[in-house]
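Below is one structure; the comments refer to it alone.
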Amino acid sequence: MSLRQCLASTSRATATKTRPRLTKSLCLPTLSGISRLCPTGPAPVHVRHASTLPQRSDRFNKLTKSHIGELRKLVGSSSSILSTLDGSATEDDLKTYNNDWMNKYHGKSQVVARPRSTEEVSKIMTWCYENDIAVVPQGGNTGLVGGSNPIHDELIISLSSLNSVRSFDPVSGVLVADAGMVLESADGYLAEKGFIYPLDLGAKGSCQIGGCVATNAGGLRLLRYGSLHGSVLGLEVVLPDGKIWNGLSTLRKDNTGFDLKQLFIGSEGSIGIITGISILCPRRSSSTNVAVFSLSSYEDVQKVFSETKTHLGEILSAFEFFDAASYALVRRMQKHHGEEPKKVFEQEGDFYVLIETSGSNAEHDEEKLTNFVEHLMTSEMVLDGVLAQDTTQAHSLWSLRELITEACTKLGAAFKYDLSTAPGEMYDLVEQMRARLTEKGLLKGDWEGDVGAVVGFGHMGDGNLHLNIVAKQFSEKIQDVIEPFVYEMVKEKGGSISAEHGLGSMKAPYIGYTKSETSIEMMKQIKQMFDPKGLMNPYKYIV
Amino acid sequence: MRPTLPSLIHILVPVKRSIDYAVKIRVASDQKGVDTSVKHSMNPFDEIAVEEAIKLRERSKELVESITAVSIGPAKSVDTIRTALAMGADTGIHITTPENVTVEPVSVAHALKAVVEKNKYDLIIMGKQAIDDDSGSTGGMLAGMLGWSQASFASKLEVESSGAVKVTREIDGGLEKLETKLPVIVTTDLRLNEPRFATLPNIMKAKKKKIESFKPEDLGLDFKPRMETISVSEPPVRQGGQKVESVDELISRMKSAGVV
């Protein structure tokens with residue numbers, strides 16, 4: 001498509017909506033038939049939602065029954081290929097692969113491949129490359145942005161059967177494992193040896209370590225253990241043409257050329273399939289403590305954060321915050337289930353903070369923490385608080401924070417946003433969104449409006465806010481009030497429209513709110529270099 | 001004429017510092033016990049006991065005069081007593097034992113008897129068993145030593161100002177209701193209540209509450225063990241089962257295994 005044609009179609013597309021701050025737009029060739037305004041500023045015209053997905057590109061061939069026969073010859077076990085095309089599976093069997101976790105995206109793939117080794121992944125990918133078949137690499141399928149399920153009939157390559165530990169060095173703490181290992185299993189393996197996986201998230205029982213690397217998952221412990229960009233030491237990747245790149249190093253330091261693995265970390269399956277991971281695991285702390293506080297204002301939350309870093313410094317392993325609306329939502333969900341939630345605070349507040357410490361000396365940590373909480377109470381930075389007296393109580397306190405996501409999904413239709421800004425400005429986003437929805441008459445009283453609740457919570461320590469708008473049901477009207485307003489708010493603060501959830505299918509059109517033209521151009525060049533046929537997870541990420 | 005007010009009751013709550021409920025137990029390298037270098041906390045049944053004592057006071061303010069938490073154990077048992085104080089107990093008693101010495105249930109019962117004889121108590125609420133040894137015998141032995149009534153596995157407790165006590169017990173096959181009167185030993189079962197969290201203001205208040213400390217000799221006690229643990233080992237690893245395709249195959253497998 002020439003630039004002229006592109007700009008021509010662009011101007012047709014922008015007819016209805018104009019934004020004051022739109023300066024220049026650059027249209028680049030897309031894989032699908034629909035031209036999309038690639039935003040450098042606001043106003044993406046084509047607002048992506050599950051019901052308005054890009055058309056299937058005819059660059060990719062359609063799979064047929066004879067194709068399945070060829071595929072089966074490449075793998076060792078017949079159960080490794082499931083397909084509705086040859087009757088080895090029904091549509092129902094493929095549902096968990098085709099639909100995303102939130103049941104928002106419904107793919108139409110007819111073939112799921114479950115290779116059992118890196119070689120099999122490579123054979124399948126080579127075959128797909130030779131036959132122009134689009135592919136979706138899939139781990140635990142727990143992503144929240146529609147990045148791990150097919151948009152149309154892409155062949156699904158599931159890593160679930162590649163799930164063993166390859167090696168572990170108990171001196172250096174380096175674990176080498178298959179990408180399909182479930183996060184909780186990997187952590188369980190390490191726990192026996194006195195180590196911990198440097199990543200923890202709510203989906204740990206289902207998500208896979210490969211998927212976590214592909215999405216550069218953040219999680220609850222980033223504050224302490226850093227991001228995967230720091231802890232991953234090496235990767236084994238099957239490239240779009242089927243070639244296996246063995247970059248599995250166990251070296252902590254190696255400055256010999258471009259650090260290629262960094263490209264794949266967070267690449268969301270767009271330039272290769274991660275099949276093996278080498279990761280540096282810290283020692284597991286023998287002593288963990290959890291405390292929760294109620295506070296009266298967001299300023300106090302920030303003060304407490306500052307004090308916590310000062311007094312608890314090296315033993316701090318998590319600092320989460322949530323607002324009164326989030327707390328109320330969890331309570332509401334528990335009551336709906338007929339549970340009588342256990343009383344936590346004598347004095348409730350407008351905000352809550354959860355602190356976790358992890359150290360190697362129980363007495364030292366407990367003393368530090370006890371002195372610190374006394375300090376918080378006497379200086380009146382907190383209204384009230386609770387210190388867990390045993391592990392069961394610690395889990396119970398964590399669930400106040402961890403159940404918020406579930407409560408949002410169970411009590412209505414949740415519009416989820418994962419944003420990052422400077423910590424001091426995070427809560428402005430929640431207040432501005434509430435104001436907007438109230439102004440439009442959508443948010444009023446106690447669940448009287450179409451929108452029941454607007455909640456803000458997240459990884460305060462990382463400047464990462466989860467903003468959820470829980471509506472009674474999904475409606476385009478509500479969505480149009482929320483988007484692109486939410487992205488514009490974030491852009492104004494120079495923040496990220498997707499702190500840790502990634503782009504996937506849902507946020508790909510909005511990348512321009514956070515990244516510049518030049519950045520996007522460079523990303524497209526990288527994609528083109530690795531995947532000239534565009535077979536790898538199309539319609540998503542960098543489009 | 002006004003009726004004489006019954007005297008207020010004094011409650012004693014023994015609490016034990018045991019390995020945290022959520023910790024995965026491992027056999028110690030000498031095979032004579034388990035690895036104790038892990039997280040410890042108050043025995044969950046004792047937590048329920050403390051909670052019940054506090055609830056009794058909350059239900060009828062004129063009933064309870066004092067709640068005392070007592071623990072028999074090494075230095076760190078003080079933390080467990082402090083937890084009880086933070087939940088709402090008034091004072092603590094700590095009978096110190098040397099580190100790494102297991103105190104047997106009968107010794108605990110003797111120690112508690114000594115405490116009861118030293119001060120006056122009307123009601124003892126204790127856990128039905130400790131989750132480390134699961135012996136479940138201290139409550140019964142103590143009742144025998146003191147000659148008090150006992151009501152074990154309580155799932156409901158009512159104490160009236162007249163001194164009448166009504167206990168619902170969980171037994172195989174259902175619930176049993178007992179009526180007795182003070183003094184009583186009640187041992188707690190899981191469904192009695194849900195222990196509260198220790199809130200910060202209470203944790204801070206607890207620091208100022210008194211804990212009296214005694215050495216075993218001070219009370220004329222001897223914690224020398226009467227039992228010797230010969231060995232502790234993990235249960236054998238469970239072998240996976242196998243599926244067979246037909247009855248014939250089942251029979252032939254059973255024959256070759258020598259069971260038929």
Side-chain angles (χ1 to χ4, degrees), chain A residues 188 191-194 284-295 339-349 353 355 358-363 365-367 369-398 400, chain B residues 15-26 35-48 50-51 54-55 58 69 74-89 127 131-132 190-191 193-208 234:
Chain A
E192 307 236 319
K193 312 225 179 307
R284 204 170 199 95
S285 301
S286 51
S287 129
T288 317
N289 285 295
V290 178
V292 191
F293 306 103
S294 60
L295 301 95
E339 291 165 35
E340 199 37 64
K342 185 166 150 182
K343 182 171 171 208
V344 181
F345 302 99
E346 301 277 323
Q347 219 189 330
E348 301 194 338
V353 158
I355 292 178
S358 302
S360 52
N361 186 331
E363 279 164 43
D365 290 1
E366 272 161 34
E367 199 190 312
L369 188 57
T370 316
N371 290 340
F372 176 62
V373 303
E374 263 186 54
H375 165 64
L376 287 181
M377 285 253 24
T378 47
S379 54
E380 294 185 350
M381 276 187 264
V382 301
L383 297 168
D384 191 10
V386 164
L387 190 53
Q389 300 295 317
D390 55 47
T391 315
T392 315
Q393 284 190 4
H395 286 160
S396 183
L397 293 179
W398 259 115
L400 293 177
Chain B
V15 293
K16 183 177 185 183
R17 178 174 179 267
S18 51
I19 294 181
D20 190 292
Y21 169 67
V23 166
K24 191 164 181 219
I25 308 291
R26 252 169 254 294
D35 179 14
T36 51
S37 67
V38 293
K39 189 171 168 84
H40 283 66
S41 52
M42 193 193 289
N43 179 33
F45 293 108
D46 299 346
E47 245 188 315
I48 293 173
V50 176
E51 175 67 24
I54 298 165
K55 273 203 157 73
E58 283 174 349
K76 288 202 189 125
S77 293
V78 171
D79 296 337
T80 312
I81 300 173
R82 288 256 172 249
T83 302
L85 296 175
M87 283 170 75
I131 60 168
D132 48 10
L190 265 182
R191 272 165 281 273
N193 61 47
E194 204 187 337
R196 63 194 60 197
F197 286 108
T199 59
L200 292 190
N202 289 335
I203 293 174
M204 280 163 52
K205 274 186 225 157
K207 283 195 160 188
K208 303 196 186 90
E234 294 207 359

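We name chains A, B, ... by the order of the sequence lines, and we start the count at 1 in each one.
Looking at Glu363(A), the atoms closer than 4.5 Å to chain B (heavy atoms on both sides) all sit in the side chain, from C-beta outward. The part of Pro195(B) that comes within reach of chain A is its backbone (N, CA, C, O), which places non-hydrogen atoms under 4.5 angstrom from that chain.
In this structure, Met204(B) and Met377(A) have side chains that are in contact, with non-hydrogen atoms separated by less than 4.5 Å. In this structure the side chain of Pro201(B) reaches within 4.5 angstrom of the side chain of Asp384(A), judged on heavy atoms.
Expressed to the nearest 0.5 Å, how far CD of Gln347(A) lies from OG1 of Thr199(B) amounts to 10.5 Å. How far CG of Asp79(B) is from OG1 of Thr370(A): 9.0 Å, rounded to the nearest 0.5 Å. For the atom pair Glu194(B) CD and Lys343(A) NZ, the distance stands at 13.5 Å (nearest 0.5 Å).
Other residues, nucleotides and ligands contribute over 12 non-hydrogen atoms within 6.0 Å of the NZ atom of Lys193(A). More than 12 heavy atoms of other residues, nucleotides or ligands lie within 6.0 Å of NE2 in His375(A), so this atom counts as buried by the packing criterion. Taking a 6.0 Å sphere around OH of Tyr21(B), one finds it holds 12 or fewer heavy atoms contributed by other residues, nucleotides or ligands. Heavy atoms from other residues, nucleotides or ligands lying under 6.0 Å from CD of Glu380(A) number 12 at most.
Lys342(A) forms a cation-pi arrangement with Phe197(B), by the criterion of a distance under 6.0 Å to the ring centre and an angle within 45° of the ring axis.
In summary, of the residues considered (Lys205(B), Lys207(B), Lys208(B)), a salt bridge (charged side-chain N to carboxylate O under 4.0 Å, His left out) with Glu374(A) occurs for Lys207(B) alone.
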Side chain to side chain contact (heavy atoms under 4.5 Å, CB included) between Asp390(A) and Glu47(B), intermediate numbers included: CA-CA 11 Å; Asp390(A) 55 47; Glu47(B) 245 188 315; 3.2 Å; yes
Side chain to side chain contact (heavy atoms under 4.5 Å, CB included) between Thr288(A) and Lys39(B): does it pass, once the steps are laid out? CA-CA 9 Å; Thr288(A) 317; Lys39(B) 189 171 168 84; over 6 Å; no
Evaluation steps, side chain to side chain contact (heavy atoms under 4.5 Å, CB included), between Leu387(A) and Ile203(B): CA-CA 9 Å; Leu387(A) 190 53; Ile203(B) 293 174; 3.6 Å; yes
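The closest side-chain donor-acceptor pair between Thr83(B) and Gln389(A) falls under 3.5 angstrom. Side-chain N/O atoms of Thr391(A) and Asp20(B) include a donor and acceptor closer than 3.5 Å.
Interface check for chain B: of the options Glu366(A), Gln393(A), Glu346(A), the most heavy-atom pairs under 4.5 Å are formed by Gln393(A).
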